[in-house]
Amino acid sequence: MKDFRYRGAVALLVPLALVAILAPWLGLRDPDAQEDILVLRDLPPLSRVDVVNLADGSRLYAHELEPDDDGGVRLRRGKRWTEVGAGELAGPSPSDWHERPLFLFGTDQFGRDLVSRVIWGSRISLWVGLLAAALAIGLGLLIGLAAGAAGGVVDGALMRFTDIVLAVPRLFLVLLLVSLFGRGFGVTVVALGVTSWMAAARLVRGEVLSLRERGFVQAARASGAGPLQVALWHLLPGAAPPLLIEATLRVGETILLEATLSFLGLGVQPPAASWGNLVSDGQQSLPDAWWISTFPGVAIVLTVIGLNLLGDALRDRWNRRSVVGLAPHG
Amino acid sequence: MLRYALRRVAAGLLVVLCVIVLNFALLELLPGDAASRLASSPPRPGELEMWQEWTCADCPIHERLGSWLWNFARGDLGTSFSRQRPVTACLRDALPPTLALATFAALVNLIVGIALGLVSVLRRNRAGDQLLTAGALALYAMPTFWLGLMAILVFGFWLRWFPISSLESVGNAAMTPLGRVADRLWHLALPALVLGLGSAAAMSRFVRTGLLESLTEEFTRATRARGAGFMRVLFNALRHSAVPLLQILGLTLPVLVSGSLVVEVVFSLPGMGRLAFDAIMAEDYPLLQACSVLATSLVVAGSLFADLGTCLADPRIRLARSSS
């Protein structure tokens, strides 16, 4: 573990995965709740807000608080001052009814807490990335195995098809699919998956071609193993390491593309808080509330850096230069 | 050489043809009646009839494919649903801004990529190099739309150095010709920088690897032994890694074309990407599929130039490819 890239990847990815998995138990605010637009809208990062807990269990957010002479409290919401009598408060001492919760990343234009939106959003973005990458790797594995194991005309046809799909700018291909098949979580996963299997297919085919002539594969074939058995037991394990590297890099790229798609309003649909949606939410109020677009973007960048570091380090460790690493993407 | 070039052009045309067929196949694969799925809701008057006439909807499948291809061959891409005018006319208006944006972005990509690569080789394994490596990594992981928004925030809203949207200022028509050009460049600067910088990270890594490889080769020792100065040696090495760079530039083209869509949406530029985006939003399938074919053609043409350029630049490749 001397390689700084592993340390970097672990430092970025482990906390991210933990936070995403543990999100329901972190005591976060409801990411979609618009508790109080008047007081909570567009709060800058690190804001604290006065909250008054009432005896009936409800909460009042306030711009300003003043103690009253009779043990009650006067609070300002917008321009209006309201009186809350001592009897209406949740308890006798200020520690019973007064809180000043922290909004670490601030809030958006609907008064929703940005920290919990970014964290809950990570679950959506990571899921889409993982599922779509798994689909892409699975498809690539199938097509690459078929091409490499069958050879001849099948190989030629499959590889030409791969070349052609590679020639279409990926974003345009995804947009075509989305425009034909509708929007939403499922369509996004499938559209991203079926447009990114090409690198994996080429990779698997290459590995299979080089393994096919090796002694142990020929021995297996000579001892009567059928093509399927050879493919599954002898060719597949050999293709696993480069595929794993490819998968790591693919997840990062897919997260970027999903974010782009959601930013354009064509991916995961609001109110689901994917990172792309969050950046898009902040676009309208960019000059007044820079934090809404900034923090989800930082989350994307850190995640993708972590995945790229991991993929790059694995590639050097297993000495697989055949996997195209940090190539231009889009 | 000529035979190789012709073969590459033919292969490129074949790819474009296949993409046109792919678009056709996608439509055929749609569940249910394609025309009714395509129509926007509520359908605009006449759009279905227009589309059915263009695709020859009542013919058997081979005739449909034939008419689809024939339409493309004679340059009739149908009529846009949302704009009520021929798709070709829409594309003609949208192409120049996109080409300008992509060209400037490619320049930014090359200049910044080579400069950063050079610096990181000169200061190899020192703080400067490591800082650049980290920067390239971050830049590489940045979604283009977010980089664009951040650029708008910092250079548009806070520093007020650049305009934040559109292609020209209001009242541009009253300016002198030179002023108009300058105004356009000023408007294109930020989008081109954003688009170019995003891909410059990968470029700088390739320049760095290429240079480091060239510097360990025999000819570098020979140049040194001849008593050439440091800059001369570096220049030789850079020239030597120019051939792979052309290839990388070819690889970067799809990124620039896809990226220009995002950048045009973020900066509201009236280019092809914006056109494709509007087409989706307006459920205007004829326009969208034409955009995708045109985008593919741009990418194919770009990689064609990269390949032919490689051939011209490197006699060894030229010989190998001409003989095969």
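These numbers come from a predicted model, not from an experiment.
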Using the rule side-chain contact (heavy atoms from CB on, under 4.5 Å), only one of A:V301, A:I300, A:L256 pairs with B:W146; which is it?
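Exactly one option meets the side-chain contact (heavy atoms from CB on, under 4.5 Å) with B:W146, and it is A:V301.
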Counting only non-hydrogen atoms closer than 4.5 Å, does A:L309 touch chain B with its backbone (N, CA, C, O), its side chain (CB onward), both, or neither?
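For A:L309, the side chain is the part near chain B, not the backbone.
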Segment of A:L266 engaging chain B (4.5 angstrom heavy-atom cut-off)
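For A:L266, side-chain heavy atoms alone lie under 4.5 Å from chain B.
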What option among A:L307, A:L176, A:I164 has the most heavy-atom pairs under 4.5 Å with chain B?
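Top option by heavy-atom pairs under 4.5 Å: A:L176.
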Counting heavy-atom pairs under 4.5 Å to chain B, which of A:V298, A:L166, A:L177 comes out on top?
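The candidate making the most pairs under 4.5 Å is A:V298.
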I'd like to know which of B:V293, B:L26, B:T296 tops the heavy-atom pair count under 4.5 Å against chain A.
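Among the listed options, the one with the most contacts to chain A is B:T296.
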Testing the basics here: between A:I305 and B:A138, what is the closest heavy-atom pair and its distance to 0.1 Å?
CD1-CA, 3.6 Å
What one should report as the nearest heavy-atom pair of B:V300 and A:A167 is CG2-CB, 4.3 Å
Excluding sequence neighbours, so at least two apart, what forms side-chain contact (heavy atoms from CB on, under 4.5 Å) with B:L261?
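Once residues adjacent in sequence are excluded, the partners of B:L261 under the side-chain contact (heavy atoms from CB on, under 4.5 Å) criterion are A:L171, A:F172, A:L175, A:L264, B:V265, B:A276.
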B:P254 side chain near A:V168 side chain, heavy-atom distance below 4.5 Å
no
Does [X], at its [atom1] atom, have more than 12 non-hydrogen atoms belonging to other residues, nucleotides or ligands within less than 6.0 Å?
| X | atom1 | answer |
| --- | --- | --- |
| B:W68 | CH2 | yes |
| A:F185 | CZ | yes |
| B:W158 | CH2 | yes |

With sequence neighbours excluded, what pairs up with A:R183 under the side-chain hydrogen bond (donor to acceptor under 3.5 Å, both in side chains) test?
none
Report, by ascending residue number, the residues of residues 13-23 of chain B in heavy-atom contact with chain A at a distance under 4.5 Å; give 'none' if the set is empty.
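Only B:V15, B:C18, B:V19, B:L22, B:N23 of residues 13-23 of chain B have a heavy atom under 4.5 Å from chain A.
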Taking 4.5 Å as the heavy-atom cut-off, does anything in residues 282-294 of chain A contact chain B, and if so which residues?
A:Q283, A:L286, A:P287, A:W290, A:S293, A:T294
Atom pair CD1 (B:I280) and CG (A:L180), whose distance is rounded to the nearest 0.5 Å:
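B:I280 atom CD1 to A:L180 atom CG measures 9.5 Å (nearest 0.5 Å).
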Chain A heavy atoms under 4.5 Å from B:V257: which part of the residue, side chain, backbone, both or neither?
both
